[in-house]
Structures are given as structure tokens and as C-alpha cells.
Amino acid sequence: MIQTINEQIDKFLSSLPEINNSQIISIKERSATTLTDDLKKGHATSNVCMIAASILKQNPKDLAVKLASIMEKSEKYENVESAGPGFINVTLKREDFVSTIKQINDNPKEFGTSKDGENKSVQIEFVSANPTGPLHVGHGRGAAYGDAIGRILSSCGFRVEKEYYINDAGRQIDILTASVYVRIHQDSFKDFFPKNAYKGSYIEDIAKAFKKINSTKSIRDIHLYTAQLPEDDEKEIDALVFRIKDFDSQWSDIKDFALNSVLETIKEDLKLFNVSFDHWFYESSLGDMADKNSKISLAIETLKSKKLAFEEKGAIWLDTSESGDDKNRVLIREDERPTYFASDVAYHKNKIDRGFDKLINVWGADHHGYIKRIEASISGLGFNKDKLDVQLVQFANLFKDGKKVKMSTRSGDFYSLKDLIQDIGTDAARFYYLSKQADQHLDFDLNLATSDSKENMFYYIQYAHARIFSLLGKYKNSNTNMPSSPDSIINGSYKKCDKLIHEISRYPSILKRSSLSLHPHLIIFYLKDLAHTFHSFYNDNPVLTESEENLDSIILCLDAVKSVIANGFELLGIEPMEKM
RNA sequence: GCGCCUGUAGCUCAGCUGGAUAGAGCAACGGAUUUCUAAUCCGUGGGUCAGGAGUUCGAAUCUCUUCAGGCGCGCCA
């Protein structure tokens, strides 16, 4: 219907005297026809006359009056009038206005979806937490966000691939391995445990599991390992790693075992959290610098051949000056080990080589300083850096009984994602993680998420869905078939559902905005408004005692409302409740 | 010091590529239940949109600036 209105507006614009094509294009770009925010203004509204007035130096009100009278004469609408400073407000004919109900009920799951992203592929990389321990609540927000934008983009027709990048090649994995190693041989190490090793109880579990299926020899001369370790916490663990690698051939078995154990845990937690990945990318698959044909060597070589990577002070640097980064960055250290950045350069090259139209990285906001240098590497490798879209996710502060919960993996003293799921459930957790724009700080009150207080928006929306589900159940008890047509709403004898119909008609535009901005929270706020409109209707209007004709109409309308709530929740990865 | 983000009601936050009287929930106060789930609804009060300047027919929204807060500025990951 909006399309029909726009067609008439186009015709009107071209009919104006002394207007040229570029002016028309510019007016169309800047103006918009949308559904109104209030039924008092009719169903649809356009600001085109005000935009046109400013470009053509004419009076907006005059243009609006002219356009309104042309549209009115076409008899395509119930009513058209100019309003305020120059808006055009359109009241649709009832059959057009009500058609949304039929559209939804004919194909509930399709409603709101689009083909905007047809033939475009997007890769979303998110979570990518170091595989050194279970996911904690600090990872939850990025997990919920990445998964949600994946669902939203899919529903808008994009081909979406979700990927987890596993840092299995660096120092952190060595520390993990050493931590497990000491636990395996704790009898020999006595009460020694490195200060900077991973202390969580899961390390002992992994050690136990390893011993169960592998034979381990006790260490004869423990002093070889522990004598004269450096005082410094960081140097101590590095030295220990070095010695274990040197003395014990079991190192790489333990390393693989520990990595796989942790990854299994992470995968289980993500599954519980209703987050799925299409692809798990191992950093180690990029190879190492010793191999001239490895992905990482080739990426660095390319940069060198373009004179963007250069040697200085024994290290190899990337020139990032063009991208606005404040200093050049080291790719290969003095001791020839590549930095994390070097892996990332090769990884991003690989992602682009795989042919995606767009790459979305979901990063913790503390990594924002990293964006410029990655962009520099992408441009340096000869690609368009606009292919990469980095979405930053701010930390969420979680409060339990008024106290902030901890989330440090190293100390082992943390509130895991699994704990959170057990405490409040996947759906409430996802809901609150997504309830605020991702790049802003979020205070997340766990007590609120499970409370039955009025403040708990999650249950407020769920309750609307459950109430409709219950009503439909009662209707079905006394009627074998669903009604065929909302006749009394179409003929205008029953108008109490109009606000609801207007509200559900807005859903496709909300989804579109959400997909363009990558903001799932828009859907949450929309659902809250829809739930409010429903609760208000429900309170004022007993449904089941209505006349048969009205009841049929209401049931069809509420069924559509229920579908829209379910669709919105689906995009957030949340299961709608059928009863509470 | 430099870079990024933020500042809207007592609290927690919405507010679209600039648009009609700045919204919601909580808290406060006053109401609604012989009726489909009261985890609900209705009403009242509460705002110099941090301050200032600019662009515009029109600014919470865009630009500049001041103030306040958060984060980041490793041959860590």
C-alpha cells in the first residue's frame, strides 16, 4: 500500500512545473512514507512535501494541500489530508488496512522477512574466546548479539555464515597445557602451582580425564622443572612451559587433549545458549613462518612485496600510517615469532579470499584500537576495507543480589555462562543481553530477570504471547476450524482491534531497520510496544463473550499478533512461552 | 596527551536518513478484578534532552566547542 502511495507521489513530483530530474531524485532520497505513530494521524504519512519545499523553495503547506487533493480524488484511500507543517496523512480503505491480518495468517513465518540481501553473503565472526576455559558471562553478550544479527540478516535474505576463530596457536594455549600438566603430575610437584596458570577446577577435571585414558609416568627429578624459576609471574609460567616442552614428549598429546576438552565444553555451553556456528576456524591452520607456503607466510610476503611491511630493529612491521593508525605495528617479533596481529592479517585475508561480500567482526569494545590496523592490513593486501564491518560489544556488568559478578578466566573465580543459564535460563539471558544497543554499557540485574515484578520486560512480552495462546486454545475447544475472514473488522463494525492491526503492520519496517543498523534491540522495544497494545486491548475487551462475528475477527487478529511476537522472538533466539 | 564511545524525568533506558505536543517501565500518588491468566490495565505529577554556539522553514538527532564519565593507546591476546 505504501508503494501505491509512493507511486502517486512520484507522479505528483514529475508534474510540478520547473522541476528537474536531479531534484526529483534528491527529494525521493530524503523523504519517506511510513506508517504513522498514532492512528489519529491516519495510517500512513509522508513528509515529501516538506522536503520538496526546501529543495524547490516553495511553501510546504501549499504543496501538501495540492498533493492531498490529487490523492483524495483518486479514490484509492478512505481519506487523505495535509496536516501540520506539510505532512500528508493517508487513511487507508478498511480492506487495505486489514489485509495485514490475512497476509500474516496465510504465511506467518514469512511475515516481515524480505529479499533485501538476496545473493549477498555475509560472514559473522563472533565469540572467538580463547579456548582456555569455559565461556563466562563476559562472552555471553557477544554470543547473543552475533547470533541474533545472524538470524536477522538471514531473515532479510542474506546468505549468512557464522564462524568461531579458535586461537589455538599462541602462548595462552601453552599456559593452558602447562596448567593441566602440573595438575596431572601434582603428586610430583607437591604443593607447587604456577601463580599465573589457570586455576579453575576444570583444569583438574581435564587432568583426571587425561590420566584415565593415557599412561603417565611420574616425574623423577622434579627440580629440573621447578628449580630457579623466575620470580616474575609471567616469566615463571613461560619458563615452565619451555622446560616441559623440552623434557616431556607427552606435551603435544596433553596440549591436544586440553584444547579439545575445552572446545567441547565451549561447544556444549553455546548449544545450551542456543547459539550455533557454521564453521570453526583454527588459527593453527594458518601455518607458521617456517613454512614458506603457509597462509601466514604468504600474507606477510604480499605485504613485503608491496613495501608495506618492512624490517626495523630486527622485527617486521606493517606501515599503518595511511589508515590513520597512530603508529606502525609489529607483525613478526625480533625472535621471529609472529604476533597475534600477524595471524589476524592472514586470517582476514583468508576470509576475504573465501569470497564473502561482507565480513562482520563482533569484538569486545576494548579492542576498538585494533580496528585501524586491521583495516590497514586489508587495504594493504589490495582489498576494499569497507568489506569489513567491526561491531563493538561493550562489557555487561552483571549484578546478583546487588553485587557485581566476576569474570576472570585466569583466577578460576568466575561466573560462567553455564551458571547464568542455570540461574535464569537461556531465553531471559539472551533477552537482557540484547535489550540495549550492543556498543553501550549494560547493567544486567539477574534478580530482575527472574522476578515477577512489573519491571521485568521479558515476562511482560512472554505474557502477551501466553495469553493469546490460551485464548486461541479456548476458541479451538468450541470451534473445529479457525475463522475464515475478519469480516466485522473489514466492514468497520468492530474497530477495537485497529491499534493492534496498525502495530503489527509496523513489524516489517522494524525488522528492516534492525537489519540495516545491526541493532537487535529495536525488535525488543517493538515487541514491548506490541505487548502493551495487546495487554491494553485484552483488559478492556472480554473476547470470548463477543458476538460470533466479532469473535471471529478478533481471533484472527490475535492469531496474527501472536505470530508477530513469535517471529520477533525467533530472531532473538528466544522461545515464546505458551503458558506461564 | 591522542583516539573511540557516552551524557534525555528521582532510577533504568527508547527516540529512525533532522519533522507534528520529547516517550516507556520502575519509583510516588489515585483508581480498575461477579468476566477469557492482575507477571495486567487506566489516570496524575515529574524534562533548560550536560552547557554554549552554528547550519536549517524545523535540531534530542547534523557541525564546532566547553564540561563530566567510560574504554583503548605492548615485539600481550
Side-chain angles (χ1 to χ4, degrees), chain A residues 29-32 34 36-38 40-41 45 47 50-51 53-54 57 59-61 83-87 89 128-130 132 167 170-173 234 312-317 324-327 329-344 364-372 392 394-395 435-437 439-443 445 448 451-464 466-475 509-510 512-514 516-517 519 521-522 524-526 528-529 531-532 534-546 579-580:
Chain A
E29 260 173 18
R30 286 175 51 198
S31 64
T34 57
T36 56
D37 56 355
D38 189 335
K40 284 178 200 148
K41 299 173 187 165
T45 183
N47 62 352
M50 286 180 289
I51 303 293
S54 78
K57 308 280 176 221
N59 183 315
K61 193 81 197 172
F87 289 100
N89 290 345
S128 300
N130 279 339
T132 54
N167 294 114
R171 173 170 174 264
Q172 295 306 321
I173 293 300
E234 297 288 343
E312 195 180 293
K313 292 186 273 187
I316 298 187
W317 300 69
D325 199 3
D326 52 353
K327 58 186 87 160
R329 305 290 171 174
V330 171
L331 288 163
I332 310 295
R333 299 178 177 93
E334 211 173 350
D335 62 9
E336 295 183 348
R337 284 158 47 233
T339 58
Y340 176 88
F341 178 47
S343 296
D344 247 2
D366 54 335
H367 283 62
H368 80 253
Y370 203 78
I371 297 174
K372 292 255 191 265
L392 297 176
Q394 273 290 357
F395 285 121
S435 66
K436 201 177 164 186
Q437 199 169 310
D439 63 357
Q440 316 233 356
H441 288 277
L442 171 72
D443 286 336
D445 182 345
L448 172 66
S451 79
D452 58 3
S453 82
K454 289 183 151 195
E455 226 173 327
N456 191 347
M457 212 202 291
F458 174 63
Y459 283 132
Y460 183 83
I461 299 168
Q462 289 285 21
Y463 190 37
R467 274 179 149 176
I468 297 174
F469 191 86
S470 161
L471 274 183
L472 293 178
K474 288 198 160 72
Y475 179 85
S509 70
I510 301 291
K512 191 187 180 80
R513 260 174 59 203
S514 177
L516 290 174
S517 60
H519 285 168
H521 77 283
L522 297 176
I524 286 190
F525 280 90
Y526 167 75
K528 196 193 72 175
D529 288 342
H532 178 250
F534 165 75
H535 284 308
S536 185
F537 169 82
Y538 183 93
N539 241 271
D540 293 344
N541 305 288
V543 174
L544 297 174
T545 51
E546 269 290 349
K579 62 179 177 195
M580 293 174 60

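We name chains A, B, ... by the order of the sequence lines, and we start the count at 1 in each one. Everything numeric here is computed off the predicted structure, so don't read it as measured data.
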Nearest-Å distance, CD1 (Ile371(A)) to P (rC71(B))?
-> 17 Å
Using heavy atoms to find the nearest nucleotide of RNA chain B for Ser536(A) and Phe87(A) separately, return the residue whose nucleotide is more 5′.
-> Phe87(A)
Assign Asn456(A) to base, sugar-phosphate, or nothing according to its heavy-atom contacts below 4.0 angstrom with the strands shown.
-> nothing
How is Tyr475(A) classified with respect to the nucleic acid when contacts are heavy atoms under 4.0 Å: base, sugar-phosphate, or nothing?
-> nothing
Take the angle between the ring planes of Tyr370(A) and Phe341(A) and call it parallel below 30°, perpendicular above 60°, tilted in between.
-> perpendicular
Comparing Phe525(A) with Gly314(A), nearest RNA chain B nucleotide closer to 5' gives the residue Phe525(A)
Determine whether more than 12 heavy atoms belonging to other residues, nucleotides or ligands lie under 6.0 Å from atom CD of Gln440(A).
-> yes
If you look at every strand shown and take non-hydrogen atoms under 4.0 Å, does Ala53(A) touch a base, only sugar-phosphate, or nothing?
-> nothing
Pairwise P distance, rG23(B) and rU48(B) [rounded to whole Å] = 15 Å
Could you tell me whether Tyr370(A) contacts a base, only the sugar-phosphate backbone, or nothing, with contacts defined as non-hydrogen atoms closer than 4.0 Å?
-> base
Using a 4.0 Å heavy-atom cut-off across all strands, classify Lys436(A) as base, sugar-phosphate, or nothing.
-> sugar-phosphate
Mind checking the P distance from rG46(B) to rA22(B)? Whole angstroms is fine.
-> 13 Å
For atom NZ of Lys61(A), is the number of surrounding heavy atoms from other residues, nucleotides or ligands below 6.0 Å larger than 12?
-> yes
Looking at the side chain of His535(A), which of rC41(B), rC57(B), rC36(B) is the nearest nucleotide?
-> rC41(B)
Dot-bracket for RNA chain B, 5' to 3', with Watson-Crick and G-U pairs under 3.5 Å, [ ] for crossing pairs and | for other-strand pairs: what is it?
-> (((((((..((((.....[...)))).(((((.......))))).....(((((..]....))))))))))))....
Nearest of rC41(B), rA38(B), rC75(B) to any side-chain atom of Glu334(A)?
-> rC75(B)
On the 0 to 90° scale, with breaks at 30° and 60°, tag the His519(A)-His521(A) ring pair as parallel, tilted or perpendicular.
-> tilted
OG (Ser514(A)) and CG (Leu522(A)) are apart, to the nearest 0.5 Å, by 5.5 Å
Please name the pair of heavy atoms, one in Ile524(A) and one in Met457(A), separated by the smallest distance, quoted to 0.1 Å.
-> CG2-SD, 3.9 Å
Inter-nucleotide C1' distance (rC57(B), rG72(B)), Å rounded | 43 Å
Cationic N near anionic O, under 4.0 Å, Asp335(A) to Arg337(A) | yes
Could you give the distance separating rG47(B) and rG15(B) at their C1' atoms, to the nearest angstrom?
-> 14 Å
How long is the line joining CG of Asp540(A) and C1' of rC36(B), in whole Å?
-> 14 Å
Kindly say if Tyr538(A) contacts the phosphate of rA32(B), meaning a side-chain N or O under 4.0 Å from OP1 or OP2.
-> no
Would you classify Tyr460(A) as touching base, sugar-phosphate or nothing, given that sugar-phosphate means primed atoms plus P, OP1 and OP2, and contacts are heavy atoms under 4.0 Å?
-> sugar-phosphate
